[in-house]
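Remember, it's 1-based here, ligands and their atoms both numbered in the order they're listed. These figures come from a predicted structure and were not determined experimentally.
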Amino acid sequence: MAILEIVTYPDKFLKQPTKPVENIDGALQEIIDNMGETMYQAPGIGLAAIQVGIDQSMLIYDISPQGEDRYLNVLVNPRIIENEGEVLSENEGCLSVPEYRADVKRFASILVEAYDRHEKPLRFEAHDFLSIVLQHEIDHLNGKLFIDRISPLKRQLYTRRIRKQIKRGE
Ligand code: ZN
């Protein structure tokens with residue numbers, strides 16, 4: 001297994017919509033395992049393939065509390081079928097958006113369809129924190145970052161700060 005490099009904002013690669021996965025094959029299994037290792041090491045609770053330079057519709061997540069048994073969930077070609085309610089995701093962050101957190105409005109509940117890594121069709125409801133995590137990751141698959149969901153002014157301030165840091169070579 002290998003730790004993969006995480007693509008960060010403002011890299012334009014993160015803006016492109018991903019392609020549907022057509023084959024859940026050995027190559028994909030290897031990508032999933034490497035993504036898992038990368039996410040746990042970061043540490044993070046969710047990671048979309050696009051964040052490690054792979055423009056395919058696939059994401060992983062694990063929101064089990066620290067210290068408990070870990071379980072790597074995989075969603076291939078996930079889609080949000082229905083949504084309901086509203087919740088404020090406080091201090092949302094992202095491995096691809098360094099040194100920044102913001103409050104984001106999210107749906108409180110969603111109904112998701114996807115395949116797991118063994119090509120089994122999944123259909124399930126997600127509420128509250130899991131719902132937020134999945135909306136964040138599925139956004140990635142559509143070329144969207146959480147900072148695309150905050151006010152233009154806040155986004156501009158962050159963009160300016162990060163561009164200055166890049167210029168200074170930090
Ligand atoms: Zn993210």
Side-chain angles (χ1 to χ4, degrees), residues 2-21 28 31-66 70-80 83 86-110 112 114 116-117 122 124 126-152 154-163 165-166 170:
I3 303 286
L4 306 169
E5 197 182 328
I6 295 178
V7 181
T8 55
Y9 182 81
D11 194 318
K12 288 197 169 60
F13 188 75
L14 294 167
K15 286 212 157 234
Q16 61 185 38
T18 52
K19 302 178 190 86
V21 172
L28 192 78
I31 292 170
I32 291 168
D33 290 336
N34 289 339
M35 279 175 63
E37 205 181 353
T38 305
M39 179 182 78
Y40 287 129
Q41 197 232 232
I45 50 172
L47 190 67
I50 189 94
Q51 293 180 271
V52 290
I54 298 158
D55 61 345
Q56 295 201 45
S57 179
M58 193 263 290
L59 63 87
I60 60 170
Y61 66 95
D62 183 352
I63 60 164
S64 16
Q66 289 284 331
R70 317 244 70 189
Y71 182 79
L72 188 69
N73 297 278
V74 179
L75 299 184
V76 176
N77 299 340
R79 289 193 309 142
I80 296 174
N83 56 62
E86 197 181 280
V87 70
L88 189 68
S89 164
E90 288 176 54
N91 260 320
E92 198 167 310
C94 177
L95 295 175
S96 292
V97 183
E99 296 165 48
Y100 192 69
R101 291 189 166 265
D103 294 351
V104 184
K105 267 189 210 156
R106 298 283 187 190
F107 297 116
S109 302
I110 53 173
V112 178
D116 74 3
R117 70 186 296 177
L122 305 171
F124 61 97
H127 306 281
D128 308 312
F129 188 58
L130 178 58
S131 169
I132 289 168
V133 170
L134 294 183
Q135 286 169 75
H136 177 114
E137 297 309 329
I138 292 171
D139 266 358
H140 273 301
L141 304 181
N142 296 313
K144 245 189 164 63
L145 298 172
F146 80 97
I147 50 171
D148 295 320
R149 297 191 179 279
I150 61 175
S151 80
K154 280 188 190 159
R155 187 169 51 246
Q156 237 175 48
L157 289 173
Y158 173 69
T159 305
R160 221 174 282 164
R161 171 153 69 89
I162 210 79
R163 286 195 196 280
Q165 282 183 5
I166 291 168
E170 285 173 18

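Residue-and-atom listing of protein N/O/S atoms under 2.8 Å from the Zn ion (ligand 1), sorted by chain and number: C94 SG, H136 NE2, H140 NE2.
More than 12 heavy atoms of other shown residues, nucleotides or ligands fall within 6.0 angstrom of atom CZ in R70. For CZ of F13, the number of neighbouring non-hydrogen atoms (other residues, nucleotides, ligands) closer than 6.0 Å is greater than 12.
In this structure, L134 CG and I63 CD1 are separated by 8.0 Å, a value rounded to the nearest 0.5 Å.
Checking L75, V76, I138, N77 one by one against S57, the side chain to side chain contact (heavy atoms under 4.5 Å, CB included) holds for a single residue, N77.
Using a 4.0 Å cut-off between charged nitrogen and carboxylate oxygen, E92 and R149 do not count as a salt-bridge pair.
Distance alone, capped at 3.5 Å, places no donor-acceptor pair between the N73 side chain and the I60 backbone.
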